Amino acid sequence: MTTTENVVLVHGAFVDGSGWHGVYDDLVRDGFRVRIVQNPTVSLDDDVAATRRVLDALDGPAVLVGHSYGGVVISEIGTHPNVAALVYVAAFAPDRGESAGTLIADPPPGAPAPPILPAREGFLCLDRDRFHAAFAADMSARSAAFMADAQVPWGVGALAGAVTEPAWRHRPSWYLVATEDRMIPPPAQRAMAERAGSFVVEAIGSHAVHVSQPAAVAQLIRQSAVR
């Protein structure tokens, strides 16, 4: 058996790469070489380019990990020759021609609607007063308030960016379902994971499960790294 020693982490919408800090610490303690992509979330093309630059600079294969909208990014760039495996963390896993926008357009019956405010100057934000309940319900009110006030606006171009050839058709994939997610409904997560043929684990956590439960996320990444 061999272990893929490189890990590349791709954040989602409304946040930045600092949310991976706990996962980073956990993996680095085990000897993994971890890189975090600071994708601008303005357009899918820009985010794919930012991720490609990180992958190009690696000295060998990597596990490519995406949270939330980051799943769209890794689905598009994940056929890069330095990608050995994909890990989706409460993430979108689009098929050909799908985008984050198309995947949230028809939610499962009874699913909560993400509190996305109307676009301003081409960017989206979440309602600050509803951020805690929707995005980070298993975190403290103080931590969630900081995340709400530190939001990175999400470009409507990124929301609409469609995947051309999904990498999960060409790379093995793993998926962590956040069972209490109120941004991407858990039934939708399970359906995307099944369609992708992913190995699935579940964690009782919010959409911010990578922040609130970094050990569970890091453990799944370790599993994906071993062949």
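Here the structure is a predicted model, which is why all the values come from computation and not from measurement.
A donor-acceptor pair is defined here as one N or O able to donate and one able to accept, closer than 3.5 Å; such a pair exists between the side chain of D127 and the backbone of D129. Judged by distance alone, with hydrogens and angles left aside, the side-chain atoms of R171 form a donor-acceptor pair with the main-chain N or O of T79 at under 3.5 Å. Formation of a donor-acceptor pair under 3.5 Å by the D138 side chain with backbone atoms of S206 is found in this model. Checking side-chain atoms of E76 against main-chain N and O of T164 turns up a donor-acceptor pair under 3.5 Å. Side chain of R169 to backbone of R96: no donor-acceptor contact under 3.5 angstrom is found.
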Show me the donor-acceptor pairs within less than 3.5 Å that the side chains of residues 28-37 make with the rest of the protein, sequence neighbours left out.
{"unit_1": "D30", "atom_1": "OD2", "unit_2": "R222", "atom_2": "NE", "d": "2.5"}
{"unit_1": "D30", "atom_1": "OD2", "unit_2": "R222", "atom_2": "NH2", "d": "3.4"}
{"unit_1": "R33", "atom_1": "NE", "unit_2": "N6", "atom_2": "OD1", "d": "3.1"}
{"unit_1": "R33", "atom_1": "NH1", "unit_2": "E5", "atom_2": "OE1", "d": "3.1"}
{"unit_1": "R33", "atom_1": "NH2", "unit_2": "D59", "atom_2": "OD1", "d": "3.3"}

May I have the list of side-chain donor-acceptor pairs in residues 150-158 shorter than 3.5 Å, sequence neighbours left out?
{"unit_1": "Q151", "atom_1": "OE1", "unit_2": "L126", "atom_2": "N", "d": "2.8"}
{"unit_1": "Q151", "atom_1": "NE2", "unit_2": "L126", "atom_2": "O", "d": "3.0"}
{"unit_1": "Q151", "atom_1": "NE2", "unit_2": "A148", "atom_2": "O", "d": "3.1"}

Going by atom type alone, with no hydrogens or angles, which donor-acceptor pairs under 3.5 Å involve a side-chain atom of residues 100-110 and a protein atom two or more places apart or on another chain?
{"unit_1": "T102", "atom_1": "OG1", "unit_2": "S99", "atom_2": "N", "d": "2.9"}
{"unit_1": "T102", "atom_1": "OG1", "unit_2": "S99", "atom_2": "O", "d": "3.0"}

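Of the N and O atoms on the side chains of S18 and D16, at least one donor lies less than 3.5 Å from an acceptor on the other residue.
Within a 6.0 Å sphere centred on OH of Y24, other residues, nucleotides and ligands contribute 12 heavy atoms or fewer.
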### Message
Is there a side chain to side chain donor-acceptor pair (under 3.5 Å) between D47 and Y69? Walk through the geometry before answering.
### Response
CA-CA 10 Å; D47 298 332; Y69 159 73; 2.6 Å; yes

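Within the 4.5 Å cutoff, the side chain of Y88 has heavy atoms near those of the S75 side chain.
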